[in-house]
Structures are given as structure tokens and as C-alpha cells.
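Just so we're clear, the structure is a prediction, and the values are computed from it rather than from any experiment.
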Amino acid sequence: MKKKLVSCLISFTLLSSLSTPLLAKAQDNTQDIKGNLVIAGGGVGTSNHDIYEKFLSLAGGKEKAKIGIIPAASTTLQSSEKFKKDLVKYGVNSDSIQILPVSNHDFSDTQRDESTWKSQVNDKKLSGTIKGLTAVWFVGGDQTKIVDSLRQNNGSDSEALKAIWDIYRKGAVIGGTSAGAAIMSDVMITGGDSLGALKESIGNKANKHVNEGEDGKKEYEPLSVQKGLGFFQHGIIDQHMDERARLGRLAVAAYNSERDKEQNFAYGVDEDTAMVVNNKDQKIEVVGRSGVAVLDMSKAKLKSASSFVSKQKARSGLENIKVSYLSPGDKINYHLKSFEFPKDKVETKGFEYYSFNALPATGVFTPYGRLKAYLSYSLVDNESMKSANSYVYDSQGWGYEIAFRKNSDTNGYWRYTDGQKDDYSIVNVGMDITPKTVKFQPDKETSLTYKKSTFSPSESPVYDSIKGKLLIAGGALGSSNSSVYNKFINLAGGKQAKIGIVPAASTKFDSSSHFKEDLIKYGMKAENIEVLPISNHDFKGTSENESNWKANMNSDKLAQKVKGLTGI
């Protein structure tokens with residue numbers, strides 16, 4: 001356990017240079033918007049109470065909400081129907097939810113041909129239906145299908161899209177997940193990964209032939225963008241952020257947008273997480289289970305290619321990027337470009353918990369790494385580290401070094417979450433992306449000498465007669481984990497079970513006390529639960545010297561008490 005001290009629609013692939021602004025903004029005036037946005041990074045689980053409740057609250061409440069679901073991004077109606085079922089589970093009347101006929105293609109799981117819906121986007125009946133809604137939700141899939149379904153061939157807004165803008169300005173909430181999040185900003189990212197964005201989108205023509213491995217499969221995908229729907233006009237939004245390691249591609253896209261680079265943050269939303277935009281207060285709240293990466297590109301610039309190997313292999317990088325990572329409960333003032341944190345979060349600066357030399361990582365710009373964990377433990381909450389490096393490269397060794405460094409305003413904010421897990425927020429970590437070439441060496445033959453184990457397990461015939469059960473938890477058992485608690489209670493004989501808690505592994509009584517409180521919360525009687533006097537050491541914060549309990553291992557009295565229990 002960790003202990004802290006509290007201190008006082010034109011689609012195009014990006015050109016080879018970043019000197020050209022991406023796209024002009026979709027709408028000019030957002031100050032009169034009374035509605036809000038719920039922008040989810042994808043994979044919103046049915047059990048994600050915070051996101052569903054927030055969306056419904058902004059929609060007018062469960063009883064008054066009138067919700068339209070736009071299925072256009074998906075290849076089937078399944079995700080739209082599932083979202084409707086989820087809303088019903090959360091208390092919305094089924095008759096108050098409609099799957100709107102908005103699509104430019106046929107769905108594979110229906111009898112009718114939904115491609116005909118494209119011609120209905122200017123239908124007065126559809127726009128009239130939309131104007132009676134208090135919320136609109138875009139499901140995930142392909143974001144280009146959403147835009148094509150709602151914009152006319154000449155790029156102008158359809159009557160359906162105008163109706164969505166109308167209710168949004170008047171107070172409706174607009175939500176979306178995955179592709180439904182990508183369409184929210186003016187600059188809509190439609191494809192690419194971090195390595196592809198860096199290699200082929202910032203003046204790196206010499207590397208465009210290096211895109212296939214030995215198996216002929218593509219190793220990376222160049223960045224591509226399109227004009228989005230522009231409901232959020234204060235920065236570029238990307239989704240599936242940490243799971244698909246899109247920090248690099250978001251940085252390139254944001255750098256290439258002069259408006260976003262100078263005036264706005266850029267946002268990368270994780271799965272099962274949402275950024276809730278309050279247009280009136282000009283603030284964003286992070287809700288859900290993971291976090292939102294925030295990039296400040298205002299001082300970012302290209303790294304000169306003159307210092308690299310040769311002009312033929314010259315590549316450009318980016319430097320002076322600031323990376324922040326916000327967790328559930330945090331808020332972002334997008335107008336002032338500042339952050340707010342819950343009062344129970346503790347600053348790590350000056351009170352760093354870890355002190356070790358962190359090794360370089362190869363996964364931060366790939367799906368194999370996790371940005372938040374890497375920056376938290378290897379840099380921000382580590383007093384030994386001033387910088388930490390990660391690498392990404394293709395099969396021929398052409399890639400980049402990503403250097404994260406502490407600035408004077410770098411800080412971390414820490415607290416425990418349910419299950420006593422570490423929860424971090426990170427602000428103002430410097431990031432420089434420098435082209436690097438690595439040379440791969442052929443495998444060398446190695447010989448390892450193993451010593452035969454001297455361990456000999458003893459045979460225990462008592463195993464054959466055991467009628468009891470085991471429940472083995474991997475750690476950090478959250479109080480909200482009803483499945484584990486209820487299973488343990490049921491195996492012990494139900495809510496009348498008699499439970500003994502063994503505190504020996506811990507340095508204090510807190511974890512035993514919390515577990516007892518949790519069992520009571522799940523319906524057990526306090527008098528049927530006892531913390532057993534079993535320990536070989538003293539506990540902090542008590543008047544008794546529990547190290548004397550060592551002698552209890554052979555106590556007949558304690559043994560008889562244990563024999564009367566139904567669960568340990």
C-alpha cells in the first residue's frame with residue numbers, strides 16, 4: 001500500500017509539410033449554444049453508470065428525455081439496438097427512444113435496404129422528429145459514414161443536420177462513442193496510427209517506401225483527416241486513445257492545424273471514458289473508467305532534420321509538446337487552458353513515492369504500452385527520474401525516440417480508487433519526438449545451464465477429503481465488486497455465515513476493517529465477523545503489541561474458534 005503526505009466533406013491525406021492549416025472551422029459562433037456534449041472514446045460498457053447517468057441528466061432526466069440514436073457509422077443496427085436497451089435499463093421509457101433513419105448504406109442484419117435513407121436527410125418529417133428530441137447519440141463504426149449521411153454532395157448541411165444543430169443550440173445534449181466522438185471536432189481524424197503519422201505526414205518523403213514487413217503486411221498507416229461536424233470547436237478530438245496508442249497521430253494532426261495549435265488543446269479520449277463538455281461554463285469533466293490525454297501544442301515546433309544521418313534519409317520530428325493526462329473527476333477549463341482536480345487528490349511534486357531508474361520503453365506509441373502508467377511510475381511520481389524515453393520503429397529500424405521530461409510546471413495528482421488502486425492525473429510533461437534509426441543484430445546462440453531443483457513437494461492425503469471451496473483474488477478487490485463478495489458469502493453459507501479475517505499480511509488493521517465493513521454492506525451481521533489474532537508482527541496505530549500473537553498459532557482456544565467458522 002502506498003502512503004502519501006498532503007502538501008499546502010472533403011477527405012484528404014495530410015500533405016508532407018505541416019505548414020498548411022488543415023481545415024477551416026465548421027461553425028463560427030458557439031457562444032449561444034445552450035446544449036452540452038458527451039464524447040466517449042469507444043467501448044462504453046453497459047455497467048458504466050457515470051456516463052449513462054450523465055448523458056440522461058443532460059437530456060432532461062430519465063422521465064423527460066427524448067433520445068434519437070443515429071446508426072450511420074455501423075454496418076449493422078445491433079449497436080444502436082443495444083444502446084437503446086441500455087437506456088431502458090437506466091430508466092428511460094422505450095417509447096421515448098428512436099433509432100433515426102440516418103445512413104448512407106445498407107445494414108447487414110436487416111431485411112430492408114437502409115441505403116435509401118440517404119435521400120431522406122432533407123425530409124421535413126425527419127427534421128421535425130429531431131427537433132422534438134432532447135438528445136442525440138452517434139454509435140461507433142466509421143466516422144466518414146456519419147458525415148456523408150448528414151452532409152449533401154456539395155458539402156452543405158442537410159436539413160437533418162441543421163435540425164441537430166438547432167436543438168443543440170437550444171439545450172439538447174449531443175453524445176457519441178468512437179466514430180461518434182471523432183465527428184465532434186472540425187478536424188476529424190479518419191485513419192492512421194502514430195508511426196504512420198510521424199513518418200509520412202511531416203516532411204518525410206524519403207521513408208514512404210518503408211511500409212511493409214517481410215510478410216508483406218503494412219506496418220503502419222499514414223494519417224488522414226476530413227472535415228467533421230464541428231459540435232466541439234475548441235480542439236481536435238481522437239478516440240480509443242491509450243488502447244490504440246494514438247498520442248503521436250493526435251500530436252501531428254494538432255500541429256498541422258494552426259488554429260488548434262495556437263488556441264486550443266487537443267484531446268484523446270480513452271475507451272469506456274467520456275469528456276463531458278459544458279458550453280456555458282466552458283469546462284470539460286472527465287467521467288468513466290480511464291482518462292483523457294490533453295496536448296498543448298502552442299509552443300511545439302519541428303525539429304530540424306539537418307542533424308540527422310543524411311539529406312536522403314532526413315526526417316522531421318516535433319518538440320516542445322506538453323502532455324497532460326486527466327482522470328475521472330478532473331475538469332478542464334478549455335477557454336483558460338487550465339485544470340481542476342478533486343480536493344482528495346494529493347500533489348506528487350516534492351513527495352514522489354518511487355525512486356528507481358526507469359528503463360526505456362518500446363510500447364508507449366504502440367498498443368502494447370500504457371501511457372498513463374508509464375508516465376506515472378517512471379517519471380512524474382519518481383524522484384530519481386528527470387526524463388524517460390520510449391521508442392517506436394518499423395522492421396527496418398526507422399523510427400523515433402519519444403522523450404518525456406519534467407518541466408518546472410510538471411506535476412502529478414494521486415489518490416486511491418475503489419479497490420485501493422493508484423489513480424493518477426498528470427500535467428505538463430514535456431514531449432520531444434526525435435527521428436532515430438536502430439540497427440538490428442542477428443540472434444546470437446546462447447547456452448544456459450540449469451540446476452536441477454532441490455524442492456520436493458510433500459504428499460498430503462488430506463487433499464482427497466476436502467469438501468470446502470477456495471476463492472482466490474488477484475489483489476485490489478474493490479468494494480463495488482459485488483460478484484466476488486457475493487460469491488464468497490454464498491460459498492461460506494450465505495448471510496448467516498461466520499467469517500474470520502486473518503490480518504497477518506498487512507502492516508495495519510485498515511484492510512481487515514475495510515473488508516469487514518464491506519461484508520456488512522453486502523448483508524452480513526457484524527457479530528458474525530471477527531478479525532482473528534493471527535500475526536507475527538506489531539501493527540501500526542494500535543496500543544497492543546500484536547507481535548505477541550505469534551504464540552496463538554498453537555492456541556487451543558483460537559483453534560476451537562476457527563473450527564466454528566464457515567469462511568476465512
Chemist: Rounded to the nearest 0.5 Å, how far apart are CG of D394 and NZ of K199?
Modeler: 3.5 Å
Chemist: Could you tell me which residues satisfy side chain to side chain contact (heavy atoms under 4.5 Å, CB included) with S158, sequence neighbours excluded, listed by chain and number?
Modeler: V121, N122, L150, Q152, A160, L161
Chemist: Run the numbers on Y325 and Y424 for ring-ring contact (aromatic ring centres under 6.0 Å, His included), then give the verdict.
Modeler: CA-CA 8 Å; Y325 197 99; Y424 281 99; over 10 Å; no
Chemist: What do the steps show when you test T190 against Q143 for side chain to side chain donor-acceptor pair (under 3.5 Å), and what is the final call?
Modeler: CA-CA 7 Å; T190 59; Q143 50 265 47; over 6 Å; no
Chemist: More than 12 heavy atoms of other residues, nucleotides or ligands under 6.0 Å from CD of Q78: yes or no?
Modeler: no
Chemist: Would you confirm whether Q233, through its side chain, and G230, through its main-chain N or O, come within 3.5 Å as a donor-acceptor pair?
Modeler: yes
Chemist: Test side-chain contact (heavy atoms from CB on, under 4.5 Å) on I402 and Y391; report intermediate values, then the result.
Modeler: CA-CA 6 Å; I402 303 98; Y391 297 86; 5.6 Å; no
Chemist: Taking it one step at a time, do K118 and S149 satisfy side chain to side chain donor-acceptor pair (under 3.5 Å)?
Modeler: CA-CA 6 Å; K118 171 69 175 176; S149 297; 6.0 Å; no
Chemist: Which one of N333, D330, L326 satisfies the side chain to side chain contact (heavy atoms under 4.5 Å, CB included) criterion with F339?
Modeler: L326
Chemist: Between CD1 of I97 and CH2 of W137, what distance do you get to the nearest 0.5 Å?
Modeler: 13.0 Å
Chemist: Restricting to non-hydrogen atoms, name the atom on F404 and the atom on S390 that form the minimum distance, rounded to 0.1 Å.
Modeler: CE1-CB, 4.5 Å
Chemist: For K125, is there any backbone N or O sitting under 3.5 Å from a side-chain donor or acceptor partner on T129?
Modeler: yes
Chemist: What distance separates Y220 OH from L198 CG, expressed to the nearest 0.5 Å?
Modeler: 11.0 Å
Chemist: Using modelled atom types and a 3.5 Å cut-off, is there a donor and acceptor pairing between side-chain atoms of Y374 and backbone atoms of V364?
Modeler: no
Chemist: Let me see the working for K162 and D166 under salt bridge (charged side-chain N to carboxylate O under 4.0 Å, His left out), right down to the final yes or no.
Modeler: CA-CA 6 Å; K162 290 177 183 178; D166 183 59; over 6 Å; no
Chemist: Do I174 and M184 touch side chain to side chain, with heavy atoms closer than 4.5 Å?
Modeler: yes
Chemist: Which residue pairs pass the salt bridge (charged side-chain N to carboxylate O under 4.0 Å, His left out) test with at least one member in residues 102-116, sequence neighbours excluded?
Modeler: R112-E114
Chemist: Could you check whether any side-chain heavy atom of F232 comes within less than 4.5 Å of a side-chain heavy atom of M275, counting everything from C-beta outward?
Modeler: yes
Chemist: Using side-chain contact (heavy atoms from CB on, under 4.5 Å), reason through R169 and D32 one step at a time and then give a plain yes or no.
Modeler: CA-CA 7 Å; R169 289 187 182 279; D32 61 337; 2.6 Å; yes
Chemist: State, to 0.1 Å, how close S194 and A245 come at their nearest heavy-atom pair, and which atoms those are.
Modeler: OG-O, 2.7 Å
Chemist: List in chain and number order the residues that pass salt bridge (Lys or Arg N to Asp or Glu O under 4.0 Å) with D123, two or more places apart in sequence or in another chain; answer none if no residue qualifies.
Modeler: none
Chemist: Would you find a donor on one side and an acceptor on the other, under 3.5 Å apart, between the side chain of S74 and the backbone of P71?
Modeler: no
Chemist: Contact between D270 and E243 at the side-chain level, heavy atoms closer than 4.5 Å - yes or no?
Modeler: yes
Chemist: Within the distance-only criterion (no hydrogens, no angle test), does the side chain of S103 pair as donor or acceptor with the backbone N or O of A72 below 3.5 angstrom?
Modeler: no
Chemist: I'd like to know if the side chain of S324 reaches the main chain of N428, judged simply by a donor and an acceptor atom lying under 3.5 Å from each other, with no hydrogens or angles considered.
Modeler: yes
Chemist: Quick one: does T410's side chain have a donor or acceptor within less than 3.5 Å of a partner on N407's backbone?
Modeler: yes
Chemist: Taking the six-membered ring where the residue is Trp, are the ring centres of F83 and Y52 under 6.0 Å apart?
Modeler: yes
Chemist: With salt bridge (charged side-chain N to carboxylate O under 4.0 Å, His left out) as the rule and sequence neighbours excluded, what pairs involving residues 76-85 come up?
Modeler: K82-D86
Chemist: Do S425 and R415 come close enough that some side-chain heavy atom pair is under 4.5 Å?
Modeler: no
Chemist: If you look at every heavy atom in L247 and L295, which pair is closest and at what distance?
Modeler: CD1-CD2, 3.6 Å
Chemist: Is L223 close to I189 at the side-chain level, that is, under 4.5 Å between some pair of heavy atoms?
Modeler: yes
Chemist: In Å, rounded to the nearest 0.5 Å, how long is the span from CD of E159 to NZ of K124?
Modeler: 8.5 Å
Chemist: Take Y334 and H234, measure what side-chain contact (heavy atoms from CB on, under 4.5 Å) needs, and give me the verdict at the end.
Modeler: CA-CA 7 Å; Y334 57 77; H234 308 284; 3.4 Å; yes
Chemist: Take M297 and I321 through the side-chain contact (heavy atoms from CB on, under 4.5 Å) test and state the conclusion after the steps.
Modeler: CA-CA 5 Å; M297 307 294 295; I321 301 168; 3.6 Å; yes
Chemist: For T434 and K303, does a side-chain donor sit closer than 3.5 Å to a side-chain acceptor?
Modeler: yes
Chemist: For E340, which of K283, K331, K345 qualifies under salt bridge (Lys or Arg N to Asp or Glu O under 4.0 Å)?
Modeler: K283
Chemist: Could you check whether atom NZ of K66 has more than 12 heavy atoms from other residues, nucleotides or ligands sitting under 6.0 Å from it?
Modeler: no
Chemist: Evaluate the side-chain proximity of R246 to L250: yes if any heavy-atom separation is below 4.5 Å, no if none is.
Modeler: no
Chemist: Which donor-acceptor pairs under 3.5 Å do the side chains of residues 87-94 make with protein atoms, sequence neighbours left out?
Modeler:
residue, atom, partner, partner atom, Å
Y90, OH, T46, O, 2.7
N93, OD1, D95, N, 2.8

Chemist: Closer than 3.5 angstrom, by distance alone: can the side chain of R405 be matched with the main-chain N or O of N389 as a donor-acceptor pair?
Modeler: no
Chemist: Report the distance from atom NZ of K299 to atom NZ of K322, rounding to the nearest 0.5 Å.
Modeler: 6.0 Å
Chemist: Any donor and acceptor pair, going by atom type alone, linking the side chain of D242 with main-chain N or O of L371 inside 3.5 Å?
Modeler: yes
Chemist: Please name the pair of heavy atoms, one in G235 and one in S185, separated by the smallest distance, quoted to 0.1 Å.
Modeler: O-CB, 3.3 Å
Chemist: Are E401 and I433 side-chain neighbours, meaning at least one heavy-atom pair lies under 4.5 Å?
Modeler: no
Chemist: Measure from the ring center of F231 to the ring center of Y168 and say whether it is less than 6.0 Å.
Modeler: yes
Chemist: Sequence neighbours left out, what passes side chain to side chain contact (heavy atoms under 4.5 Å, CB included) with D272? Give chain and number order.
Modeler: V44, N48, R289
Chemist: Please round to the nearest 0.5 Å and tell me the distance separating atom CG of N279 and atom CD1 of I33.
Modeler: 5.0 Å
Chemist: Can you see which heavy atom on A266 is nearest to which on A254, and at what distance?
Modeler: CB-CB, 3.7 Å
Chemist: Do S96 and K64 get their side chains close enough for a donor-acceptor pair, meaning under 3.5 Å?
Modeler: no
Chemist: So does N320 get a backbone contact from the side chain of D432, meaning a donor-acceptor N/O pair under 3.5 Å?
Modeler: yes
Chemist: So, do V277 and V38 sit near enough that their side-chain heavy atoms are less than 4.5 Å apart?
Modeler: no
Chemist: Of the non-hydrogen atoms in A182 and Q239, which two are nearest, and what is the gap between them?
Modeler: CB-NE2, 3.8 Å
